[in-house]
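See below for the structure under consideration.
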Protein chains: 2
Amino acid sequence: MIMTRDRTFTLAVDALKEAGLRPTRQRVQLLHLLRAGGNRHLSADDLAREAKKVGLSVSLATVYNALNQFTQSGLLREVVIAPGISYFDTNIGPHHHFYFEEERRLQDIPVDAVSVSDLPPAPMGTKVARVEVVIRLESEQK
Amino acid sequence: MIMTRDRTFTLAVDALKEAGLRPTRQRVQLLHLLRAGGNRHLSADDLAREAKKVGLSVSLATVYNALNQFTQSGLLREVVIAPGISYFDTNIGPHHHFYFEEERRLQDIPVDAVSVSDLPPAPMGTKVARVEVVIRLESEQK
DNA sequence: GTGATTGCAAATCTTTTGCACTAAA
DNA sequence: TTTAGTGCAAAAGATTTGCAATCAC
């Protein structure tokens, strides 16, 4: 029966509600897709392509909208690497990134694998929203 | 005489030659403009606008090309902040950045003001090209 | 001269938006 | 119902590119 399939999406639905986002079919399916398969780094286009592959009907505009809303709600994190290259990271815990320039690929670094210390204090009137560390890698013989 | 004015550009010319770039009028003027006024963070558009303001004749395409060439040659550093927002930094020494979200503004942090330690080793076959730390700031009452 | 560089306009790419339609509450 | 969300196509930005004209060497 239909409930069996719906149950698969319970987590996504709950997460969306908690985030204050109406759990529409598209959002539920996209969030579910994003969370399937562990921590991932996907571009908007990657996600749209993947959605199409599994037979979802979602427009690219909706993918962009959903990704932005997810990011604002803290369900995702966006990592911008170069003009025109940005990834959405399903790992929202504190961590950092390796970026393989040649492969245009991100890899998570657990937060305790790097220590960033002696941070200068946030300037007057501001507070730290996030500390981002990206270690850019190139192939060795370069 | 003309030589007096040219002398102003000697440094830029030398830097370009050293970088293997032909010191054309546009490149010399742009590099000189970039280096005037200390460390700065300019978008391509900022630079084009500024060039126009001081009466230089450079097309936007050439500004982009020059900035990319300068970056590749190590005369500049590019800092990408968000999709569609990237800055070219005239400070090419090792350092990090504060980013003021609301003001869309970068500020340098001297490298010794932050310590990034216990970096995980670069994965097999790769080497670290650069370690980038961006501290994103938001206004305090937010 | 000869090959590199420039300017312009057009093309490309990524991302956002307006608006009529549809779905969620 | 009533309001929020979606799809589509168009618009908006940012950046790149093709090619004839120009410049550096």
Side-chain angles (χ1 to χ4, degrees), chain A residues 2 6 9-10 12-33 41-52 55-73 75-76 78-88 104, chain B residues 2 6 9-10 12-31 33 41-49 51-52 55-73 75-76 78-88 104:
Chain A
I2 264 183
D6 282 359
F9 295 109
T10 301
V13 170
D14 291 349
L16 286 169
K17 282 185 182 161
E18 217 163 310
L21 292 171
R22 199 183 273 198
T24 64
R25 180 173 53 80
Q26 287 83 344
R27 287 181 184 156
V28 172
Q29 292 178 333
L30 288 176
L31 186 56
H32 184 260
L33 192 54
H41 305 99
L42 297 174
S43 69
D45 208 60
D46 290 339
L47 181 59
R49 200 188 317 285
E50 193 168 305
K52 182 173 285 178
L56 304 187
S57 138
V58 210
S59 74
L60 182 56
T62 296
V63 169
Y64 271 102
N65 289 335
L67 287 172
N68 287 334
Q69 293 151 356
F70 294 174
T71 302
Q72 283 181 336
S73 316
L75 295 171
L76 286 182
E78 186 171 8
V79 184
V80 185
I81 285 302
I85 308 185
S86 85
Y87 296 101
F88 293 88
R104 295 177 154 219
Chain B
I2 264 182
D6 282 358
F9 296 110
T10 302
V13 170
D14 291 349
L16 286 168
K17 282 185 183 162
E18 217 163 310
L21 294 171
R22 197 181 275 198
T24 63
R25 181 173 53 80
Q26 288 83 343
R27 298 213 270 230
V28 172
Q29 291 178 332
L30 288 176
L31 186 56
L33 191 54
H41 306 99
L42 296 174
S43 68
D45 208 61
D46 290 339
L47 181 58
R49 200 189 317 284
K52 183 174 286 178
L56 304 187
S57 136
V58 212
S59 74
L60 183 56
T62 296
V63 169
Y64 271 101
N65 290 335
L67 286 173
N68 287 335
Q69 293 151 355
F70 294 174
T71 302
Q72 283 181 336
S73 317
L75 296 172
L76 285 182
E78 185 171 10
V79 184
V80 184
I81 286 302
I85 308 185
S86 86
Y87 296 101
F88 292 89
R104 295 178 155 218

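Just so we're on the same page: letters track the sequence lines, and every chain starts at 1.
When distances are taken from the side chain of B:A61 to each of D:dC25, D:dT15, D:dT17, the shortest belongs to D:dT17. Between C:dG7, D:dG7, C:dT15, one nucleotide has an atom nearer to the side chain of A:V58 than all others, and that is D:dG7. Here C:dT6 is the nucleotide among D:dT16, C:dA25, C:dT6 with the atom lying nearest to any side-chain atom of B:R27.
Whole-Å rounding puts the B:I81 CD1 to C:dT14 P distance at 20 Å. Atom CZ of A:R25 and atom C1' of C:dA25 are 17 Å apart (whole Å). For B:L67 and D:dA14, the CG to P distance is 14 Å, given to the nearest whole Å. The CD-P distance, from B:Q29 to C:dG7, rounds to 9 Å in whole Å. In this structure, NZ of B:K17 is placed 11 Å from C1' of D:dA24, rounded to the nearest angstrom. Taking atom CG of residue A:L30 and atom C1' of nucleotide D:dT6, one finds them 11 Å apart after rounding to whole Å. Atom P of nucleotide D:dT16 and atom CD1 of A:I85 are separated by 10 Å, given to the nearest angstrom. Taking atom CD on A:Q69 and atom P on C:dT17, their separation rounds to 12 Å, with Å as the unit.
Nearest-nucleotide assignment on DNA chain C puts the 5′-proximal partner with B:G20, out of A:L60 and B:G20. Remark on DNA chain D: of its neighbouring residues B:E78 and A:R22, the 5'-side contact belongs to A:R22, judged by nearest-heavy-atom nucleotide. If you find the closest nucleotide of DNA chain C to A:N65 and to B:L21, the one lying nearer the 5' end belongs to B:L21.
The residue B:S86 sits close only to the backbone: its heavy atoms come under 4.0 Å of sugar-phosphate atoms, none of a base. Using a 4.0 Å heavy-atom distance criterion, B:S43 is classed as making no nucleic acid contact.
Regarding contacts with the backbone of D:dT15, a side-chain N or O of B:Y64 is found under 4.0 angstrom from either OP1 or OP2. Between D:dC8 and A:S59, no contact under 4.0 Å exists linking OP1 or OP2 to a side-chain N or O. Residue A:T24 has a polar side-chain atom (N or O) positioned under 4.0 Å from OP1 or OP2 of D:dT6. Under 4.0 angstrom from either OP1 or OP2 of D:dG7 there lies at least one side-chain N or O belonging to A:Q26. Taking side-chain N and O atoms only, A:N68 has no distance below 4.0 Å to OP1 or OP2 of C:dT15.
Between A:A48 and A:L60 the shortest heavy-atom distance is CB-CD1, 3.7 Å.
Checked by atom type and distance alone, the side chain of B:R27 never pairs as donor or acceptor with a backbone atom of B:L21 at under 3.5 Å.
With rounding to the nearest 0.5 Å, the separation of CG in B:L42 from CG in B:L67 is 8.5 Å. A distance of 6.0 Å separates CG in B:L30 from CZ in B:F70, rounded to the nearest 0.5 Å.
Side-chain contact, B:N68 with B:T71: no donor N or O sits under 3.5 Å from an acceptor N or O.
The closest side-chain heavy-atom distance from A:E78 to B:P83 is below 4.5 Å.
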